[in-house]
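What follows is one structure encoded as structure tokens, with my remarks underneath.
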Amino acid sequence: MAGGWAKDGAVSEQIEASISDELARMQTRKVPVGDSLTHCADCEDPIPERRRAAIPGVKLCVECQQERDGVYKARGGFNRRGSKDSQLK
């Protein structure tokens, strides 16, 4: 139940739209093409059989793929939600 000027179901519609947008974005991502390599293209370590079976056309080992994707992204130490804890510091 939405309040104010929003129609009923507005929050659910917004959530569904966000999910649809994210699914569309993920479907446009580049997917590996061709045969999977047995050894990493960057470091030449063996690529496990389970990874090659799970991701057709894989060219990198897990470590090199994580480095390339930038899995770890450092963030600032700010609490952007404005909780009382962040206001007391």
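Computed from a predicted structure; not experimentally measured.
Atom SG of Cys64 sits about 11.0 Å away from atom CG of Asp69, to the nearest 0.5 Å. The distance from the OG atom of Ser36 to the CD1 atom of Ile55 is 8.5 Å, given to the nearest 0.5 Å. In this structure, CG on Asp45 lies 11.5 Å from CG on Leu60, to the nearest 0.5 angstrom.
Between Cys43 and Cys40, the shortest heavy-atom contact is N-SG, 3.5 Å.
Applying the salt bridge (charged side-chain N to carboxylate O under 4.0 Å, His left out) criterion to Arg25, with sequence neighbours excluded, gives Glu22. Applying the salt bridge (charged side-chain N to carboxylate O under 4.0 Å, His left out) criterion to Glu13, with sequence neighbours excluded, gives Lys7.
In this structure, Arg52 contributes its side chain and Val58 its backbone to no donor-acceptor pair below 3.5 Å.
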For this session: Report the C-alpha distance between Arg51 and Val62 in whole Å, list the side-chain angles of each, state the deciding distance to 0.1 Å, and finish with yes or no for side-chain contact (heavy atoms from CB on, under 4.5 Å).
Result: CA-CA 8 Å; Arg51 177 168 171 77; Val62 174; 3.7 Å; yes
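Enclosure of atom CD in Glu49 by more than 12 non-hydrogen atoms of other residues, nucleotides or ligands within 6.0 angstrom is indicated.
Taking a cutoff of 4.0 Å between a charged side-chain nitrogen and a carboxylate oxygen, Asp42 and Lys59 do not qualify as a salt bridge.
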